[in-house]
Amino acid sequence: MLTYLPSLLGGLLIGAAAALLILLNGRIAGVSGIVAGLARAPDGRWASDLAFVTGLGLGPVAFAGLTGAWPSMRIEAGLPVLALAGVLVGFGTRLGSGCTSGHGVCGLARFSPRSLAAVLTFLATGILTVALVRVVS
């Protein structure tokens, strides 16, 4: 059970952050929309967008401070593959009117039919991709 504790705590923190953002600012915690907001001219939302993204970046630092170790990651792809993946994810979030955090965490909590369709598409595509990669490997 202890192996699931970090994931449980992380999920609770994500849910609390999303709930606080919508309750206090009336904004959906869709990371792609928030990051896109930083690319526009500064407006009334810009400071809160910057604070949100900065908080995301400080997450690993807080983790290291609490646990004494950095989160472990293993990235086997090269920079060109990662860059292409980033472009495709950005394109997909624009095409799908949001990202997994916006649709999956916030949209489903609000019973949004569009978010349900998006999350089912994300899951089906992920499952299909893993199955194809395993067949090819």
Side-chain angles (χ1 to χ4, degrees):
M1 179 64 187
L2 288 179
T3 57
Y4 297 106
L5 192 56
S7 299
L8 174 63
L9 292 175
L12 289 172
L13 287 172
I14 290 169
L20 286 172
L21 190 64
I22 199 163
L23 290 172
L24 299 176
N25 290 359
R27 306 235 359 247
I28 302 292
V31 177
S32 62
I34 291 172
V35 170
L38 291 175
R40 292 189 289 270
D43 58 9
R45 297 173 153 183
W46 199 84
S48 65
D49 289 349
L50 182 61
F52 189 91
V53 172
T54 301
L56 291 176
L58 292 176
V61 175
F63 180 89
L66 292 170
T67 65
W70 288 95
S72 62
M73 291 184 296
R74 188 179 82 209
I75 300 174
E76 296 180 6
L79 189 57
V81 171
L82 292 175
L84 176 62
V87 168
L88 290 174
V89 167
F91 177 75
T93 60
R94 289 314 235 180
L95 183 65
S97 299
C99 58
T100 53
S101 60
H103 284 299
V105 176
C106 299
L108 291 181
R110 294 181 359 233
F111 302 109
S112 165
R114 182 175 76 169
S115 291
L116 177 60
V119 169
L120 291 175
T121 302
F122 298 154
L123 289 173
T125 304
I127 290 167
L128 180 63
T129 301
V130 169
L132 288 173
V133 166
R134 288 186 177 175
V135 166
V136 172
S137 305

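The first residue in the sequence is number 1, and the count goes up from there.
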Engineer: Between atom CG of L9 and atom CD1 of I14, what is the distance when rounded to the nearest 0.5 Å?
Structural biologist: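 If I round to the nearest 0.5 Å, the distance is 11.0 Å.
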
Engineer: Hey, could you give me the CG/CG distance between L13 and L8, rounded to the nearest 0.5 Å?
Structural biologist: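 Answer for the CG-CG pair, L13 versus L8, is 9.5 Å.
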
Engineer: Can you name the nearest heavy-atom pair linking C99 to T93, along with the distance?
Structural biologist: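 Looking at all heavy atoms of both residues, the closest pair is CB-CG2, 3.6 Å.
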
Engineer: Let me see the working for N25 and R45 under side-chain contact (heavy atoms from CB on, under 4.5 Å), right down to the final yes or no.
Structural biologist: CA-CA 9 Å; N25 290 359; R45 297 173 153 183; over 6 Å; no

Engineer: If I compare all heavy atoms of W70 with all of F63, which pair ends up nearest, and what's the gap?
Structural biologist: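 Heavy atoms of W70 and F63 come nearest at C-CE2, 4.0 Å.
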
Engineer: Which Ile, Leu, Val, Met, Phe, Trp or Tyr residues join L21 in one cluster when any pair of side-chain heavy atoms under 4.5 Å counts as a link?
Structural biologist: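 Besides L21, the hydrophobic cluster comprises V31, I34, V35, L38, W46, L50, F52, V53, L56, listed by chain and residue number.
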
Engineer: Name each donor-acceptor pair under 3.5 Å that joins a side chain in residues 120-135 to protein atoms two or more places apart or in another chain, with its distance.
Structural biologist:
unit_1	atom_1	unit_2	atom_2	d
T121	OG1	A117	O	2.8
T125	OG1	T121	O	2.8
T129	OG1	T125	O	2.7

Engineer: Decide yes or no for C106 and I22: does some side-chain heavy atom of the first lie under 4.5 Å from some side-chain heavy atom of the second?
Structural biologist: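 No, every pair of side-chain atoms sits at 4.5 Å or beyond.
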
Engineer: Nearest heavy-atom pair of S97 and H103: which atoms, and what distance?
Structural biologist: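 Looking at all heavy atoms of both residues, the shortest contact is O-NE2, 3.4 Å.
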
Engineer: side-chain contact (heavy atoms from CB on, under 4.5 Å) for S115 and R110? Distances and angles first, verdict last.
Structural biologist: CA-CA 9 Å; S115 291; R110 294 181 359 233; 5.7 Å; no

